[in-house]
Student: 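Take a look at this one; I'll ask things after.
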2 protein chains.
Amino acid sequence: MHQPTIIDIARQLGISKSTVSRALTAHPNVNEKTRQRVLELAEKLDYQRNQLAISLLTNQTRTIGIMVPEFISFFFPKVIIGAQEELAKAGYNVVICHSNESYEIEVTNARSLFASRVDGLIVSHTKETRNFDHFRTFTRKSIPVVFFNRVWESDEVSKVVVDDYTGAYQAVEHLVQTGRRRIAHLSGPDSLPNSRSRQNGYLDALRHYEVPVDPSLIISYDLTLEKANIYVNHLLSLPEPPDALFTINDPTAIEAIQVIKARGLRIPQDVAVVGFSDDPISALIEPGLTTVAQPVDEIGRQAAACLLAQLQATNPVAEVQTVVLPTRLIVRGSS
Amino acid sequence: MHQPTIIDIARQLGISKSTVSRALTAHPNVNEKTRQRVLELAEKLDYQRNQLAISLLTNQTRTIGIMVPEFISFFFPKVIIGAQEELAKAGYNVVICHSNESYEIEVTNARSLFASRVDGLIVSHTKETRNFDHFRTFTRKSIPVVFFNRVWESDEVSKVVVDDYTGAYQAVEHLVQTGRRRIAHLSGPDSLPNSRSRQNGYLDALRHYEVPVDPSLIISYDLTLEKANIYVNHLLSLPEPPDALFTINDPTAIEAIQVIKARGLRIPQDVAVVGFSDDPISALIEPGLTTVAQPVDEIGRQAAACLLAQLQATNPVAEVQTVVLPTRLIVRGSS
DNA sequence: TTATTATTTCGGAATAATCCAAAATGCACC
DNA sequence: GGTGCATTTTGGATTATTCCGAAATAATAA
């Protein structure tokens with residue numbers, strides 16, 4: 001009933017477990033005949049090596065933990081796939097945790113990944129995360145951590161981000177150049193660096209083109225669709241409503257489009273909409289959503305590359321780096 | 001530099017490692033004073049227990065593997081979240097593997113999960129999978145396996161499926177009742193049981209309403225969007241083109257809608273379209289997609305429940321079961 | 001045959017934790 | 001102080017594997 005072990009093989013063949021171990025691991029110091037006998041019996045007994053025992057001994061699991069706040073929208077799954085492809089090539093396995101945007105679940109997940117001794121971590125944190133001690137647990141033991149999208153601004157970790165500032169700047173520039181003057185911005189929580197960068201891009205574009213900044217048109221919210229709905233309705237009810245809307249992400253923009261349509265307003269004639277991320281839905285809805293595209297699977301691949309660089313380095317701390325990837329404005333019918 | 005262990009704590013406190021172990025695990029046979037001293041030092045040294053060592057000893061990892069063919073579309077992530085919620089309540093962790101619809105990657109993933117000694121498996125296999133030996137490795141060692149959506153028709157494993165037959169029957173019944181006579185069906189590979197069930201529902205509905213079955217209107221394909229595009233174009237180019245299209249899933253239906261629109265045909269006047277799954281995009285596109293909804297996170301929860309039942313049973317084999325969940329037709333503008 | 005070298009095998013240590021029987025300690029009572 | 005009992009602690013075994021120095025065996029040369 002129990003799993004066969006190398007000791008079972010050794011006993012049945014009348015040899016020592018060390019010899020079996022070497023035969024099974026392509027070690028040179030073993031007679032070819034012995035190796036054949038071991039391999040045959042292993043096959044016959046359906047022997048499967050116990051990775052737990054090896055990991056305990058070598059103190060490396062060849063497993064990378066990936067932590068994301070959610071994976072319903074296309075963004076995080078796509079990043080994960082990119083990272084996984086790259087890591088698999090290097091012989092690493094991947095375990096995925098999602099926190100459902102809950103700080104507490106994130107902390108629990110981090111603890112659990114630490115206890116199971118992952119060799120490294122790729123993270124995008126929750127919107128609630130303000131305290132990063134649960135990641136410091138890793139860096140303190142020299143376990144490399146790479147952040148992407150939502151990043152911990154610490155020099156203990158590598159980061160992969162897109163050029164949020166320029167992406168936002170170009171989006172707003174496009175709106176100004178197509179004649180918009182009252183451009184509202186649905187922004188994320190100020191605690192998220194990418195949210196701040198996008199907001200700065202928005203502000204600088206307005207200033208550069210000498211469009212007056214109206215604080216009542218800038219709304220930071222919690223990224224839930226319910227709140228998005230409420231705030232878009234609020235904006236459209238203003239005495240001087242906006243003639244354009246630039247949102248922190250595509251799901252928000254898509255929700256906005258539903259609200260605008262429901263109010264009988266035309267897109268883009270009455271209100272133009274621009275999102276951020278190029279969610280596949282953007283191309284399918286009517287009108288198509290103008291959006292700032294980011295190289296999603298490249299983000300995952302770069303994050304994996306950063307991590308592998310640190311894992312393979314003799315001095316991992318020296319390999320800490322920040323990668324900034326370009327964005328690209330895709331103009332569709334909504335603007 | 002190295003991780004503190006219970007032996008470090010024991011040495012520093014001048015007590016035995018067994019006592020430290022008991023103090024740390026809320027075991028009764030330990031003096032309250034000793035426990036306090038141990039807990040304090042553990043905190044101070046930032047001690048984290050090594051789950052690998054415990055798993056090796058107890059031969060259980062409290063980890064469940066989830067294997068899916070992809071997770072870009074909303075379906076699999078949603079199932080995973082449902083399962084994860086249920087498993088977390090019971091104190092289990094989850095590791096997720098995706099095979100990208102590749103049989104070979106699926107086999108590799110199964111091996112890797114086995115080597116890391118997961119306590120159970122939740123699986124939806126690839127469209128290529130014909131041989132299930134890599135799952136038999138688990139059942140042979142009494143490690144419970146639950147399939148969902150795409151299931152291995154074996155009495156060694158539990159299964160969670162929706163009533164594909166009735167869902168498809170009702171979809172086609174709806175099309176007949178709204179006056180359609182030439183209803184095409186884009187079906188999946190015959191090797192997938194859910195694909196066959198949906199096709200049978202389609203056929204029986206036609207027969208029941210005495211609508212002639214035209215084999216040239218039934219196309220089994222490989223579920224890629226490129227092929228979907230080609231086959232929809234092919235159907236629309238027939239001398240007697242279909243006046244309705246029932247597809248195996250929503251992504252296919254959405255692709256079909258793009259093709260039909262591009263050809264200048266009207267939906268639903270010229271061609272009605274019905275999908276399967278109620279992907280969130282379905283409600284957002286123009287026209288809204290009529291579709292057969294399935295209780296997605298309930299599938300995940302039920303799969304987790306099946307697995308937990310087997311894990312907690314003294315005789316896991318007796319707990320093997322099949323759960324069938326109901327579907328519900330959602331009528332929107334496309335029909 | 002014997003010495004030398006190369007190849008192959010062996011047995012124990014190590015990894016970090018839990019568990020259990022046995023030993024030690026503490027305390028009350030006579 | 002000794003006895004009995006409860007509480008607490010100890011040391012060694014256990015889990016599956018790798019690694020390493022030592023030992024055994026085989027092959028080669030003198």
Side-chain angles (χ1 to χ4, degrees), chain A residues 1-39 41-42 45-63 111-112 114-119 141 143, chain B residues 1-39 41-42 45-63 111-112 114-119 141 143:
Chain A
M1 261 315 67
H2 94 127
Q3 281 300 323
T5 70
I6 51 169
I7 297 180
D8 296 316
I9 297 179
R11 218 180 344 240
Q12 290 195 37
L13 255 35
I15 57 179
S16 85
K17 62 182 168 25
S18 334
T19 307
V20 177
S21 171
R22 283 200 317 283
L24 253 22
T25 50
H27 196 278
N29 286 1
V30 58
N31 190 303
E32 197 48 44
K33 250 181 166 167
T34 316
R35 162 165 295 138
Q36 281 313 320
R37 289 204 302 150
V38 170
L39 258 38
L41 186 57
L45 294 181
D46 191 28
Y47 167 80
Q48 307 261 351
R49 57 169 25 173
N50 189 330
Q51 190 56 51
L52 288 174
I54 300 172
S55 295
L56 180 61
L57 194 65
T58 60
N59 203 29
Q60 59 160 344
T61 54
R62 294 203 81 78
T63 297
R111 261 198 245 293
S112 145
F114 189 90
S116 56
R117 296 291 193 272
V118 292
D119 292 347
K141 309 287 180 199
I143 299 170
Chain B
M1 255 320 55
H2 96 127
Q3 280 299 325
T5 70
I6 52 169
I7 297 181
D8 296 314
I9 296 179
R11 219 182 341 241
Q12 289 194 38
L13 255 36
I15 58 179
S16 86
K17 61 179 168 28
S18 328
T19 307
V20 176
S21 170
R22 283 200 318 282
L24 253 22
T25 49
H27 197 276
N29 286 2
V30 59
N31 190 303
E32 197 47 44
K33 251 182 166 166
T34 317
R35 162 164 295 139
Q36 281 314 320
R37 291 204 301 151
V38 169
L39 257 37
L41 186 58
L45 294 181
D46 190 28
Y47 166 80
Q48 306 260 352
R49 57 165 31 157
N50 188 330
Q51 190 56 50
L52 289 174
I54 301 172
S55 295
L56 180 60
L57 193 65
T58 60
N59 203 27
Q60 59 161 343
T61 54
R62 294 202 81 77
T63 298
R111 261 198 245 292
S112 147
F114 189 92
S116 56
R117 296 292 194 270
V118 292
D119 292 348
K141 310 287 178 197
I143 299 170

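What you see below is based on every heavy atom in this structure, not just the backbone, and it leaves out hydrogens, waters and symmetry mates. Letters go in sequence order (proteins before strands), and every chain restarts at 1.
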Student: Base, sugar-phosphate, or nothing: which does R49(A) touch, judged by heavy atoms less than 4.0 Å apart?
Tutor: sugar-phosphate
Student: Are S16(B) and dT10(D) close enough that a side-chain N or O sits under 4.0 Å from OP1 or OP2?
Tutor: yes
Student: Rounding to a whole Å, what distance do you find between L57(A):CG and dG12(C):C1'?
Tutor: 13 Å
Student: What is the distance, rounded to the nearest whole Å, between atom CG of L56(A) and atom C1' of dA16(C)?
Tutor: 5 Å
Student: What's the shortest heavy-atom distance between Q12(B) and L45(B), and which atoms?
Tutor: NE2-CD1, 3.8 Å
Student: Regarding I54(A), tell me which of base, sugar-phosphate or nothing describes its non-hydrogen contacts under 4.0 Å with the strands shown.
Tutor: sugar-phosphate
Student: Which part of the nucleic acid does S55(B) contact within heavy-atom distance under 4.0 Å: base, sugar-phosphate only, or nothing?
Tutor: nothing
Student: Can you figure out which of dT9(D), dC10(C), dA16(C) approaches the side chain of N50(B) most closely?
Tutor: dA16(C)
Student: If you look at every strand shown and take non-hydrogen atoms under 4.0 Å, does N29(B) touch a base, only sugar-phosphate, or nothing?
Tutor: base
Student: Check every strand shown and say whether T5(A) touches a base, only sugar-phosphate, or nothing at a heavy-atom separation below 4.0 Å.
Tutor: sugar-phosphate
Student: Is the shortest side-chain N/O distance from S21(A) to OP1 or OP2 of dT18(D) below 4.0 Å?
Tutor: yes
Student: At under 4.0 Å between heavy atoms, what does T58(A) touch on the DNA or RNA strands: base, sugar-phosphate, or nothing?
Tutor: nothing
Student: Please determine, for the side chain of A53(A), which listed nucleotide (dC19(C), dA16(D), dC19(D)) has the closest atom?
Tutor: dA16(D)
Student: How many whole angstroms separate atom NZ of K17(B) from atom P of dA14(C)?
Tutor: 14 Å
Student: Can a donor-acceptor pair be found, under 3.5 Å and without considering hydrogens, that links the side chain of R62(A) to the backbone of V118(A)?
Tutor: no
Student: Calculate the interatomic distance between R35(B) atom CZ and dT7(D) atom P; express it in whole Å.
Tutor: 15 Å
Student: Report yes if a side-chain nitrogen or oxygen of T34(A) is closer than 4.0 Å to either non-bridging phosphate oxygen (OP1 or OP2) of dT9(C); otherwise report no.
Tutor: yes
Student: CD1 of I15(B) versus P of dT8(D): gap in Å, rounded?
Tutor: 13 Å
Student: Between G14(B) and R117(B), who's closer to the 5' end of DNA chain D by nearest nucleotide?
Tutor: G14(B)
Student: For K141(A) and P4(B), work out which heavy atoms get closest and say how close.
Tutor: NZ-CD, 4.0 Å
Student: What's the verdict on side-chain hydrogen bond (donor to acceptor under 3.5 Å, both in side chains) for T19(A) and S16(A), showing C-alpha distance, side-chain angles and the deciding distance?
Tutor: CA-CA 6 Å; T19(A) 307; S16(A) 85; 3.3 Å; yes
Student: Donor-acceptor pair, distance only, cut-off 3.5 Å: does the side chain of S116(B) make one with the backbone of S112(B)?
Tutor: yes
Student: Please report the distance, rounded to the nearest Å, between CD in Q51(B) and C1' in dT15(C).
Tutor: 15 Å
Student: From CG of N31(B) over to C1' of dT8(D), roughly how many Å is that when rounded to an integer?
Tutor: 7 Å
Student: Can you tell me how far C1' of dT15(D) sits from CG of L52(A), to the nearest Å?
Tutor: 10 Å
